[in-house]
Amino acid sequence: MIHEILPVGPLQCNCSVVGDETSREAIVIDPGDDIDQVVGLLRKHDLTVKQIVITHAHIDHVGGAMKLRQLTGAPILLNQNDNALLKMLDVQAAWLGMATPGKVEIDHSLADGDSVTTGTLSASVLHTPGHTEGSICLYFAPEKKLIAGDTLFAGSIGRTDLPGGSYKKIISSLHQQVLALPDDTVVVPGHGPLTTIGEERQSNPFLQK
Ligand SMILES: [Zn+2]
C-alpha cells in the first residue's frame, strides 16, 4: 500500500493519499486544502483517485474536496449525519478567518460497516460520533491502519464543544469502536503525529477507566 500523509492548510489537517500499487488507484482522505500539493503526490505515484473520503465536515478536512473532485472526477463520500455542518461552511470559515470554499456536494453517504474499496485496498467504515454527529474512522484491517479523523489524537481526543459535539458520544465511540481494534494498529489522527491503539489504550488520559 502506498500511503502519503500531507498536513494541509492553516490547521495542518493530515490529508492521506492511499494507493494500490498494482491498479494505481487511490483514495484521498480529508483534502482540506493545498490541493495542488495533493495532486502532486498523486502524479508522483502515478495514481488515479477513485474516492474522496471526508472523516467529518469541518472546513479544515473538507475545504478542498470540491476542487479535487473537479480535477479528478472522483466522488465525495461523507456520513450524512454531518450534512447540517456541511451547510455551515461559511460560518466555519468566519470562525477561522478563512476564505469560504463555497458549496460542497456529497455524492454518497458512508454508514457504519460500509466498505470503501479501490483496487485491492479495502477499508471498513466505523461511525464514531462525538467530535461531530457524522464523524467516521476508516480502518484498513490488512495493513492494521486507522485513519481516525478528529476522533483520536496522540495523547488526546477530539474537542466536543463545537456544534454537533458530544463528550458522552465520543467516549462511547472510542471505547466501543476504536479501542476494539488490535493494539498494533497504527493510528493516523486528523492532526499531529501518528500513534498506535496500544499506546493510546495505555497512556491517553481521556481513555483511562
Ligand atoms: Zn474537526
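FYI, side chains are in, hydrogens and waters are out, and symmetry mates aren't considered; it's all heavy atoms of this structure. In listed order, ligands and their atoms are each counted from 1.
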task: In plain terms, say whether Asp36 and Lys67 are close enough for a salt bridge, that is, a side-chain N and a carboxylate O under 4.0 Å apart.
output: yes
- line: Here the side chain to side chain donor-acceptor pair (under 3.5 Å) pairs for residues 156-166, sequence neighbours left out, are Arg159-Asp161
- request: If the plane angle is over 60° it's perpendicular, under 30° parallel, otherwise tilted; pick one for His131 and His58.
  value: perpendicular
- prompt: Between Thr128, Asp112, Thr151, which is the residue that forms a side-chain hydrogen bond (donor to acceptor under 3.5 Å, both in side chains) with Gln177?
  reply: Asp112
task: Only protein N/O/S atoms count here: give how many lie under 2.8 Å from the Zn ion (ligand 1).
output: 4
query: Taking Val62 as the fixed residue, which of Leu89, Ile106, Asp30 is the one that meets the side-chain contact (heavy atoms from CB on, under 4.5 Å) rule?
result: Leu89
field: is_close_aromatic(His45, His3), centroid dist under 6.0 Å
entry: no
